[in-house]
Amino acid sequence: MKIILAAIIAISIFSCGPKQQAPQAPPPPALPVAAVTTGNQTTYQEYPASIEGTVNVEVRPQVSGSLDKVFIDEGAFVNTGQPIFKINEQPYRAALNNALASLHAAEAAQGNALIEVDKLTPLVANKVVSDYQLKAAKATFQVAKANIESAMANVATAQINLGYTLIKAPVSGYIGRLLKKQGSLVTPQDVEALTQLSDVHEVHVYFALGEKDFVSFKEQYAGNTIGDKLKHLPSVALLLADGSEYTKAGKIDVINGQFDKTTGAITLRATFANPQGLLRSGNTGKIRLSLPHPNTLIIPQSATIEMQDKIFVFALADSNKVKKLPITIEGTSGENYLVKDGVKAGDQIVLSGIDKLQEGMVIAPQKSVVKASAVAKN
């Protein structure tokens, strides 16, 4: 009985004590928000490129013989018509002399044939001899005349071959490697050329666009035809192998007529002035294309979250609730996204802490003047 009485007293005392209060909900998180702004931005796209001179010529011999002289050195600049190689001319000089001798013999034979015609003409007229002999003499004369023409052609051929023994620069430019040295035997059938000659007062820079990039490329610039679009294209920059930018701007002037079936890409050509000869055939680099985005929507990348290959922002809705919105990106500039679709100018978006937000969650928005202005400047 004493135990039961003590329990009743304890329960009475506990029930008369102060009641516990229910736990209160935590306050909504205070997060910075700013309005989506617009501005003029320029984005850049880079493509691997190869550099070639406006003219790249393989210098090859057109006659066979030993290489008597090499007038230039590798890397030298030569002007059009400047001698660069000399092939032994003695066999070709002898061939020319032989052709000239044959020509003189043919001329003498023609003279004899003409004398015979002149002798027989009055005899036939006086019916001393038959006209058959005169006809035969005239035919002999025609053969002698044809022999002269053949001999003259042989002389011309021998003169051409003799001229080929002195190899001259076909264009102005820089000499490549000299693959044959003095004393080497050279022929027109050689697999390797004597050297290569590059005219690099201007250079052509070739780069390729994939099919998707090319479609976007065509849509970005004014003009109904490819020719019209080429006229409206802005200048392009060339990044050299060390990452530095070439001092001269270039211009895209050629777009290939078809896609490469192997790579699925189309080749474009930009031309750059090269007055100092700093660029050479065989150089590599990157073409940088610029694309202006006038009055485009700007959002800092830190204000976005990526989920399942889509990019979202949290926008401030009624009653300070947040709404997750998908956005479409058309480019990046620095630390900002350039937005094509999904939000509009003036929409309030959460700038940070978005990894802990959920759809419909209430926040305490903190206007971020600094963040908003920073976005506008970028």
Step-by-step side-chain contact (heavy atoms from CB on, under 4.5 Å) determination, His204 to Tyr206: CA-CA 6 Å; His204 292 156; Tyr206 294 90; 3.6 Å; yes
Full working for side-chain contact (heavy atoms from CB on, under 4.5 Å) between Lys367 and Val33: CA-CA 5 Å; Lys367 298 293 183 180; Val33 298; 4.2 Å; yes
Partner residues of [X] under the salt bridge (Lys or Arg N to Asp or Glu O under 4.0 Å) criterion, sequence neighbours left out:
X	result
Lys340	none
Glu245	Arg288
Asp347	Lys344

Which atom pair, heavy atoms only, marks the closest approach of [X] to [Y]?
X	Y	value
Gly65	Ile87	CA-CG2, 3.7 Å
Gly210	Phe259	C-CE2, 4.3 Å
Val362	Pro28	O-CB, 3.5 Å
Ile298	Gly39	CD1-N, 3.7 Å
Asn79	Ala169	O-CB, 3.4 Å
Glu202	Ala273	CG-CA, 4.3 Å

Do [X] and [Y] touch side chain to side chain, with heavy atoms closer than 4.5 Å?
X	Y	answer
Ile167	Val59	yes
Val313	Val343	yes
Phe272	Thr247	no
Pro61	Leu194	yes
Phe85	Thr195	yes
Gln258	Ile266	no
Asp190	Lys180	yes

Say you draw a straight line from [atom1] of [X] to [atom2] of [Y]; how long is it, rounded to the nearest 0.5 Å?
X	Y	atom1	atom2	answer
Glu192	Arg60	CD	CZ	9.0 Å
Ile72	Ile84	CD1	CD1	5.5 Å
Asn97	Leu162	CG	CG	9.0 Å
Glu58	Leu197	CD	CG	11.5 Å
Leu289	Thr43	CG	OG1	9.5 Å
Ile354	Ile305	CD1	CD1	5.5 Å

Can you list, pair by pair, the side-chain donor-acceptor contacts under 3.5 Å of residues 316-329, counting residues two or more places apart and other chains?
none

Electrostatic pair Arg269:Asp253 at N-O distance under 4.0 angstrom: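 Between Asp253 and Arg269 there is a salt bridge, with a charged N closer than 4.0 Å to a carboxylate O.
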Kindly say whether [Y] contributes a backbone atom to a donor-acceptor pair with the side chain of [X] at under 3.5 angstrom?
X	Y	result
Thr54	Asp199	yes
Asn88	Asp68	no
Ser102	Asn98	yes
Asp73	Ala76	no

Single hit among Asn336, Leu338, Thr304 for side chain to side chain contact (heavy atoms under 4.5 Å, CB included) with Ile299: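 Among the candidates, only Thr304 passes.
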Inter- and intrachain pairs under ring-ring contact (aromatic ring centres under 6.0 Å, His included), touching residues 289-320, at least two apart: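 Not a single pair qualifies under ring-ring contact (aromatic ring centres under 6.0 Å, His included).
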Any pair counted as ring-ring contact (aromatic ring centres under 6.0 Å, His included), so long as it reaches residues 160-181, sequence neighbours left out: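 Applying ring-ring contact (aromatic ring centres under 6.0 Å, His included) to every pair that reaches into residues 160-181, excluding sequence neighbours, yields Phe77-Tyr174.
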Return a table of donor-acceptor pairs under 3.5 angstrom between the side chains of residues 114-123 and protein atoms on other chains or two or more places apart.
{"residue": "Glu116", "atom": "OE1", "partner": "Lys119", "partner atom": "NZ", "Å": "3.4"}
{"residue": "Thr121", "atom": "OG1", "partner": "Val117", "partner atom": "O", "Å": "2.6"}

Co-membership, hydrophobic cluster, residues Ile252 and Val215, 4.5 Å side-chain: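 Looking at the clustering, Val215 is in a separate group from Ile252.
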Test log, rule side-chain contact (heavy atoms from CB on, under 4.5 Å), inputs Leu357 and Ile363: CA-CA 9 Å; Leu357 293 180; Ile363 67 169; 3.9 Å; yes
Please tabulate, one pair per line, all N/O donor-acceptor pairs under 3.5 Å involving side-chain atoms of residues 127-153, not counting sequence neighbours.
{"residue": "Thr140", "atom": "OG1", "partner": "Ala136", "partner atom": "O", "Å": "2.9"}
{"residue": "Asn147", "atom": "ND2", "partner": "Val143", "partner atom": "O", "Å": "3.3"}

Exercise: do Glu330 and Thr296 side chains pair donor with acceptor under 3.5 Å: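 Judged by distance alone, the side chains do pair up.
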Steps toward side chain to side chain donor-acceptor pair (under 3.5 Å) verdict (Glu335, Ser302): CA-CA 8 Å; Glu335 297 179 352; Ser302 58; over 6 Å; no
Side chain to side chain contact (heavy atoms under 4.5 Å, CB included) involving Lys69 - partner list, sequence neighbours excluded: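 Listed in chain order: Phe71, Lys86.
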Partners passing side chain to side chain contact (heavy atoms under 4.5 Å, CB included) against Lys181 (at least two apart in sequence or in another chain):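 Per chain and number, Lys181 pairs via side chain to side chain contact (heavy atoms under 4.5 Å, CB included) with Glu74, Leu178, Ser184.
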Could you give the side-chain donor-acceptor pairs of residues 227-242 under 3.5 Å, partners two or more places apart or in another chain?
{"residue": "Asp228", "atom": "OD2", "partner": "Thr225", "partner atom": "OG1", "Å": "3.3"}
{"residue": "Lys229", "atom": "NZ", "partner": "Lys218", "partner atom": "O", "Å": "2.6"}
{"residue": "Lys229", "atom": "NZ", "partner": "Tyr221", "partner atom": "O", "Å": "2.8"}
{"residue": "Lys229", "atom": "NZ", "partner": "Gly223", "partner atom": "O", "Å": "3.1"}
{"residue": "His232", "atom": "ND1", "partner": "Asp228", "partner atom": "O", "Å": "2.8"}
{"residue": "Asp242", "atom": "OD1", "partner": "Ser244", "partner atom": "N", "Å": "3.0"}
{"residue": "Asp242", "atom": "OD1", "partner": "Ser244", "partner atom": "OG", "Å": "2.6"}
{"residue": "Asp242", "atom": "OD2", "partner": "Ser244", "partner atom": "OG", "Å": "3.4"}

Side chain to side chain donor-acceptor pair (under 3.5 Å) evaluation trace for Thr80 with Ser172: CA-CA 5 Å; Thr80 303; Ser172 297; 3.2 Å; yes
Show every donor-acceptor pair shorter than 3.5 Å between a side-chain atom in residues 278-287 and any protein atom, with sequence neighbours excluded, or say none if there are none.
{"residue": "Arg280", "atom": "NE", "partner": "Gly277", "partner atom": "O", "Å": "3.2"}
{"residue": "Ser281", "atom": "OG", "partner": "Gly53", "partner atom": "N", "Å": "2.8"}
{"residue": "Ser281", "atom": "OG", "partner": "Asn56", "partner atom": "OD1", "Å": "2.8"}
{"residue": "Ser281", "atom": "OG", "partner": "Ser198", "partner atom": "OG", "Å": "3.3"}
{"residue": "Asn283", "atom": "OD1", "partner": "Arg280", "partner atom": "N", "Å": "2.9"}

